[in-house]
Amino acid sequence: MLPVKQLLHSSLGRKLVMASTGLFLCLFLIVHLGGNLTLFAGDEGYNFNIYAHFMTNFLPVEIIGYVLYISILIHAFYALILTLKNRKARPVKYAVTPKARVSWASLNMGFLGSIIFLFLVIHMTNFWGRYKFTEGSYREYRTDLQTGKQTSAVYIPESAEFEYAVFMEQQVEVVRVKDLYVIVSESFSLWWYVLLYLVAMVAVAYHMYHGFQSAFQTTGLTHRRYTPVIKFIGTWVFAVIIPLTFASMPVVFYIKSLL
């Protein structure tokens, strides 16, 4: 067995790092999608804002979040190293292109990854950065537990240290929380941001189409029985359903902003 340092400096080791971080990011996509689907709850951001508060203030989740950011950087770094190594190994293109069936996605993983990385920087700065490091706005939700009727209004905290509050007033549940929903609504009312989001989701779709299956091949988890299942999940779940669902969010909010 190769020593860890030697393994990480080998082409196989770098591919294993990319595969493991890539699969971890796949899990994050599923969780992130599930949370973002609360945008469609029709409750003026009640569930989405509570979800956002939980994801940014619950210590174990915050730790996982920072592991995620590190994974993105490691994945991008090793992708760059492998791309440069491959180009250095073959500085001149083949005179005759092999006729092997190679997908467009596999030939352009670096380009697709660059689009996704740029999008993530803009996306996280706009949403997570503004939510976490600016004062922002707050919202108060009042839910009558007997009738189920819910109302919401802008809330102005009395203290700059205020983060979150939930309490009861007789039969009414009162929740006061930072309003990420309004940031999402404002961002998705901008045509250029919606376009950027859609382009990024196309890049995600193609990147996942090749990357998900490739990660299992790199780790040696291939077998004639379950490889078709991996291919099916990679194609229909990660390359079609997840990107399309994400893409539907800015489209729906943009259409709502025009009405």
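Here the structure is a predicted model, which means the values were calculated and not measured.
A side-chain donor-acceptor contact under 3.5 Å links His123 and Tyr193. Looking at Asp43 and Tyr141, their side chains never bring a donor and an acceptor atom within 3.5 Å of each other.
Minimum heavy-atom separation, Arg176 to Val174: NE-CG1, 4.0 Å. Scanning both residues, Leu112 and Ala105, for their nearest heavy atoms gives CD1-O, 4.0 Å. Here the shortest heavy-atom pairing between Ser71 and Thr21 reads O-CB, 4.0 Å. For the pair Ala19 and Thr219, the tightest heavy-atom approach, listed with the atom from each and the gap, is CB-CG2, 4.0 Å. Here the shortest heavy-atom pairing between Ser103 and His210 reads OG-ND1, 4.4 Å. Across every non-hydrogen atom of Lys132 and Thr56, the tightest pair is NZ-O, 2.6 Å.
Other residues, nucleotides and ligands contribute over 12 non-hydrogen atoms within 6.0 Å of the CZ atom of Phe253. Within a 6.0 Å sphere centred on NZ of Lys231, other residues, nucleotides and ligands contribute 12 heavy atoms or fewer. For CZ of Phe111, the number of neighbouring non-hydrogen atoms (other residues, nucleotides, ligands) closer than 6.0 Å is 12 at most. Within a 6.0 Å sphere centred on CZ of Phe77, other residues, nucleotides and ligands contribute 12 heavy atoms or fewer. Counting heavy atoms of neighbouring residues, nucleotides and ligands inside a 6.0 Å radius, atom CD1 of Ile156 does not exceed 12 of them.
The main-chain N or O of Val184 is never found under 3.5 Å from a side-chain atom of Ser187 such that the two would form a donor-acceptor pair. Listed for the Ser248 side chain is a donor-acceptor partner under 3.5 Å among the backbone atoms of Thr245. A donor-acceptor pair under 3.5 Å links the side-chain atoms of Asn108 to the main chain of Trp104, judged by distance alone.
For the ring-ring contact (aromatic ring centres under 6.0 Å, His included) criterion with Phe238, the lone passing option out of Phe232, Phe212, Phe216 is Phe212. Screening Phe162, Tyr131, Tyr181, Tyr164 for a ring-ring contact (aromatic ring centres under 6.0 Å, His included) with Tyr138, the sole residue that qualifies is Phe162.
Distance check: His53 NE2 to Phe48 CZ gives 14.0 Å after rounding to the nearest 0.5 Å. With values rounded to the nearest 0.5 angstrom, His207 atom NE2 is found 8.5 Å from Leu25 atom CG. One finds the CE atom of Met249 at 6.0 Å from the OH atom of Tyr197 (value rounded to the nearest 0.5 Å). How far CG of Leu145 is from CD of Glu173: 6.0 Å, rounded to the nearest 0.5 Å. Atoms CD and CG, on Gln171 and Asp144 in that order, are 7.5 Å from each other to the nearest 0.5 Å. Here the CG-CG distance, from Leu190 to Leu195, works out to 12.0 Å after rounding to the nearest 0.5 Å.
Taking the side-chain hydrogen bond (donor to acceptor under 3.5 Å, both in side chains) definition, one finds that Ser257 meets it with nothing, sequence neighbours left out. Phe133 pairs by the ring pair (Phe, Tyr, Trp, His ring centres under 6.0 Å) definition with Trp128, not counting sequence neighbours. Shown here are the side-chain hydrogen bond (donor to acceptor under 3.5 Å, both in side chains) partners of Thr134, two or more places apart in sequence or in another chain: there are none.
Using a 4.5 Å heavy-atom cutoff, the side chains of Ile72 and Leu68 are in contact. Put simply, the side chain of Phe117 reaches to within 4.5 Å of the side chain of Leu73, judged on heavy atoms. The side-chain heavy atoms of His32 and Phe246, taken from C-beta on, include a pair separated by under 4.5 Å. Residues Tyr51 and Asn36 form a side-chain contact, since some pair of their non-hydrogen atoms from C-beta on lies under 4.5 Å apart. Residues Leu82 and Met18 are in side-chain contact: their nearest non-hydrogen atoms beyond the backbone lie under 4.5 Å apart.
Two different hydrophobic clusters hold Leu180 and Tyr155 under the rule that ILVMFWY side chains link at heavy-atom gaps under 4.5 Å.
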